[in-house]
Amino acid sequence: MSAANSRPAAFFMRDHPAMRPERYNMREAEAKWRKAWSEAGVFRTLNADPRPKYYVLEMFPYPSGRIHMGHVRNYAMGDVVARFRRARGFNVLHPMGWDAFGMPAENAAMKNNTHPAAWTYANIDSMRAQLQSMGLSLDWSREIATCDPSYYRHQQKLFLDFLAAGLVARKKSKVNWDPVDHTVLANEQVIDGRGWRSGAVVEQRELTQWFLRITDFSEDLLSSLDRLERWPEKVRLMQRNWIGRSEGLMVRFVIDPASVGALEGEPGTNELEIYTTRPDTLFGAKFMAIAPDHPLAAAAARHDPKLQAFIEECRRVGTSVAAIETAEKKGYDIGLRVFHPFDPEWRLPVYVANFILMDYGTGAIFGCPAHDQRDLDFVNVYGLGATPVVCPPDVDPATFTVNTVAYDGDGVMINSRFLDGMTIEAAKEEVARRLEAVTIGNAPQARRQVNFKLRDWGISRQRYWGCPIPVIHCEDCGVVPVPETDLPVRLPEDVTFDQPGNPLDRHPTWKHVACPRCGKPARRETDTMDTFVDSSWYFVRFTDPTNETAPTDPAVANHWLPVDQYIGGIEHAILHLLYSRFFTRAMRKCGHVGIDEPFAGLFTQGMVVHETYRDGCGQWVAPNEVQIDAEGGARRAIMIDTGEPVEIGPVEKMSKSKHNTVDPDEIIETYGADTARWFMLSDSPPERDVIWTEAGVQGAYKQTQRLWRLVCEIERVVGPERPARPQAFGEEAKRIRQVAHAALARIEDEIEKLRFNVCIAQIYEFANALSSAVGAIDAAPVADDLAYAFAEAGDILVHCFAPMMPHLAEECWEVLGHDGFVSGSPWPEADRGLIVSDSVTYVVQVNGKKRGELTLPREAGNPAIESSALALDAVARAMDNKPVRKVIIVPNRIVNVVV
RNA sequence: GCGGACGUGGCGAAACCGGUAGACGCAAGGGACUUAAAAUCCCUCGGCCAAAAGCCGUGCGGGUUCGAUCCCCGCCGUCCGCACCA
């Protein structure tokens, strides 16, 4: 149905206002407009469109099968931006796709005996239908799914390009290994050191894995953060800390040969190299500590079964930093002693300690308990003591001690011989200078080093449902890339999940291939890629999603990129965003794009949270099983079925386990997509969590009806013809125009800043003002000037809420007598000249406390303002006959009389 | 453990760059309309006080300032991330 076809009905209604339905039938209207948009292709985007581009993107969803309220919020926000920019004359790219590889499909396969592909594509179909029911202005012709060979073949090409460019490495790395299920476990699958499915104690295993060399870009990824001005400061800070640049010193400690004992002949028993960012605290050292995975620890363990047991105990904690660092500090003295670099008489014990990470620095430290909390916790277990070497300002060095809280602040060096009295910085410099000058075995004892916490990105996954890594292992030729003509390396379809391990590895034929180089029998790589790889370039693929010959067309990609506004959850603040920034740089190096920062503007939205409910037995109860009564301010909940009382619990993130989810389908069915979108945007600032409440969504529903009635009322007082602009406006018409244009200016500012909740409050204020103006009219239609003002205000109002409630807006647009779509019509121009008023209201304060108000002409000068202020009764009373000391006048705002 | 954020009425919140604290909405209470209900419309709504005047009030304790929700210092509480979840 085209908009033109609906004209007769609209005319009929305008001629007979009484015939217009009292209530807006969202169910019919929403379906009607979605169909009309789709048939007219309103949201189709052409790469060749000459208008300025605007790329708005929301993080694409994992196809779990059902959308949740978090999606509704995320996509509602993105759609507001897309629709607003479109109205502002931009050629908007607003695509959607599916982050479709990943573990849940394999878990479902194991549980339900379905194939991951079948499960995933079925989920995509149902989620697409759900998203479409939201009325999002998406270009569905650009839809992509990362699990589709038409997508991952290009990802394999990118991998090969990266390989050729030296951006790929093979290294050993540890994984959580479940000895019963014969599978690698994700950190989230390790619960209290045991596999989630088998319950077996998890081991750590070393596997040779594929890595992307993100650390090649550490410095660039860090310094470029300064240029990302439209990113939240907190995300930039999180990335800065994650990259973790530090300037420190590598120091070689000589091991006392007398302490080597049974380790004689083992490698690495001459010296121990450590990395420190605090060389200034060297005189506070109490011990050395090495990681359980340190080669020296392994060497020592070969001679000491108890140490071996200790190391294995450490490994059971798991591979996650959080687990390692929260575990109680434990160590094992391996008997070695090292010489203090500045005192050959001073020897320090060497421990293997569970809180030292092999991945950072050299996997070895010197421990200075007085100034590092972890070291202090450690010595407090082993009774090694703590000597403070940095004294806080204004503290007496003679009495300063450290017992349970380490001091990591600024201060002056003490107890440190030649460093005493220096600042921390000077002491660091002095230690570095002296140790650089000492030569041990042809090399200086210390060297300055910039270190990063950032590690290379391990992308190997021993799983089926991911993008195959396109290489072949040949006994003679080694690692051989799959020739590009053989891409894609497709996942075999005939796999089963009824036994443990990786289906690709145990597939009878898939991995057996001829070496592309020598032709001898060889085997395919059976690891697949981390799904973060899939999501690290999908935003590029959207610019040219059907390109069959290459991952991108660089010219097209460079036209659209960077994404102007990216919107998604804060949980992706580090990994996804950092990997995407790296990937863009890597793609640039290989000639696929010409930019290095993929997302110019980033917005991180808060979660959708909900009250939790439990019945008498403590079982979780879902919101749709509960009825809430609020009388006299007290809220009580009962089970709808039984009337049994229900306990209202704390508000928490919506999760299946707590049964506090709300199904978007049900909400859209009951209230309509517009209401759901409106409520998601109206209640809380978008970056903060929003609490889903039944009362809130009902309130939003009421507002949709109110706006509908208001627009119908406006149409009634305006009359059936769109009024022409009159020569002059009366007082009331002027006032209405002023209200409308002021509202428009504010609302567009707020949308621009993504402050949707404030924007909606402004729409309410505008609607309230219009509503009373219309209510004051008793004879319709009104005079020409008023009719014009009302019609103009009505158009503005509809435009203002159209990005949030697009279906209702189309319906209202039609009522106001327009052809075509409001979704396709330009944003009205706010006449900012209309907005300035002739008078200004000052707040009058005495000593900073409000005592009255004063309305004066805009052009009033300071002396006039001052004398009017002092003339106020309330001011005189508050001054209490005291003399005026000073009068502060803030232009157009405030007068403060200081007495 | 490390890192990051947040805290304002009964509730969600607003307050431009340090300048009227509580816009707007929800809930609640009162009223109108109605046979009744729903819907709709009007009024009240931070605390103390009968009211006016006034005083108190932005997690807590200090500080800077003519003036602090906003800046500084120190606490308390809540939430999030931590590299194989996506």
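The chains referred to below are lettered A, B, ... by the order of the sequence lines, with proteins before strands, and numbering in each begins at 1. The shown structure was predicted, so the numbers you read here are calculated from the model rather than taken from an experiment.
When the C1' atom is compared between B/G10 and B/U44, the two are found 15 Å apart, to the nearest whole Å. Of the P atoms belonging to B/U40 and B/A27, the separation is 10 Å, rounded to the nearest Å. Comparing the P positions of B/C60 and B/A86 gives an interatomic distance of 43 Å, to the nearest angstrom. Only the C1' atoms considered, B/C45 is 13 Å distant from B/C11, to the nearest whole Å.
Among pairs with a residue in residues 748-767 of chain A, those fulfilling salt bridge (Lys or Arg N to Asp or Glu O under 4.0 Å) read A/R85-A/E752, A/R88-A/E748, A/E748-A/R832, A/D749-A/R832, A/E750-A/R755, at least two apart in sequence or across chains. Counting only residues at least two apart or on different chains, the salt bridge (Lys or Arg N to Asp or Glu O under 4.0 Å) pairs with a member in residues 453-466 of chain A are A/K171-A/D456, A/D359-A/R455, A/R461-A/D530.
Here B/A5 is the nucleotide among B/U40, B/A5, B/A13 with the atom lying nearest to any side-chain atom of A/K234. Side-chain atoms of A/R709 lie closest to B/U40 of the nucleotides B/C24, B/G67, B/U40.
Ion pair A/D293/A/R315 flagged as a salt bridge, since at least one NZ, NE, NH1 or NH2 atom sits closer than 4.0 Å to an Asp/Glu carboxylate oxygen.
We find that NZ of A/K886 is positioned 6 Å from P of B/C66, with the value rounded to whole Å. Between A/I763 atom CD1 and B/A23 atom C1' there is a gap of 15 Å when expressed in whole angstrom units. Atom CD1 in A/I889 sits about 13 Å away from atom C1' in B/G19, given to the nearest Å. Rounded to a whole Å, the CG atom of A/N768 is 8 Å from the C1' atom of B/C24. With rounding to whole Å, A/I691 atom CD1 is found 13 Å from B/G10 atom C1'. The distance from atom OH of A/Y24 to atom C1' of B/A39 is 19 Å, rounded to the nearest whole Å. Rounded to a whole Å, the CD1 atom of A/I747 is 14 Å from the C1' atom of B/A23. Atom P of nucleotide B/A27 and atom CD of A/Q698 are separated by 8 Å, given to the nearest angstrom.
Taking the O4'-C1'-N9-C4 or O4'-C1'-N1-C2 dihedral as appropriate, B/G9 has a value within 90° of 0 and is therefore syn. Base orientation at B/C17 is syn, since its O4'-C1' glycosidic dihedral falls within 90° of 0.
Side-chain nitrogen and oxygen atoms of A/R688 include at least one within less than 4.0 Å of the OP1 or OP2 phosphate oxygen of B/G7. One finds a side-chain N or O of A/S684 lying less than 4.0 angstrom from the OP1 or OP2 phosphate oxygen of B/A13. Between A/N241 and B/C2 there is no side-chain polar atom (N or O) within less than 4.0 angstrom of OP1 or OP2. Distances shown here put every side-chain N or O of A/R746 at or beyond 4.0 Å from the OP1 or OP2 atom of B/C24.
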Where along nucleotides 53-64 of chain B does protein come under 4.0 Å, by heavy atom, of base (B) or sugar-phosphate alone (S), with - for untouched nucleotides? SSSS--------

Annotated protein contacts, base or backbone, on nucleotides 80-86 of chain B with a non-hydrogen cut-off under 4.0 Å, one of B, S, - each: --BBBBB

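Under the side chain to side chain contact (heavy atoms under 4.5 Å, CB included) criterion, A/A869 pairs with A/V844, A/L854, A/V895, sequence neighbours left out.
With respect to A/Y579, the ring-ring contact (aromatic ring centres under 6.0 Å, His included) criterion is satisfied by exactly one of A/F217, A/Y538, A/F532: A/F532.
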Do A/D372 and A/R278 pass the salt bridge (charged side-chain N to carboxylate O under 4.0 Å, His left out) test, and can you show the C-alpha distance, the side-chain angles, and the key distance before you say yes or no? CA-CA 10 Å; A/D372 184 291; A/R278 292 298 302 271; over 6 Å; no

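Consecutive Watson-Crick or G-U pairs involving RNA chain B, each under 3.5 Å on both distances, make up stems of three or more pairs at B:1-7 with B:76-82, B:10-12 with B:24-26, B:28-32 with B:40-44, B:46-48 with B:54-56, B:59-63 with B:71-75.
Residue-to-nucleotide contacts include no donor-acceptor pair under 3.5 Å from the side chain of A/Q703 to the base of B/G25.
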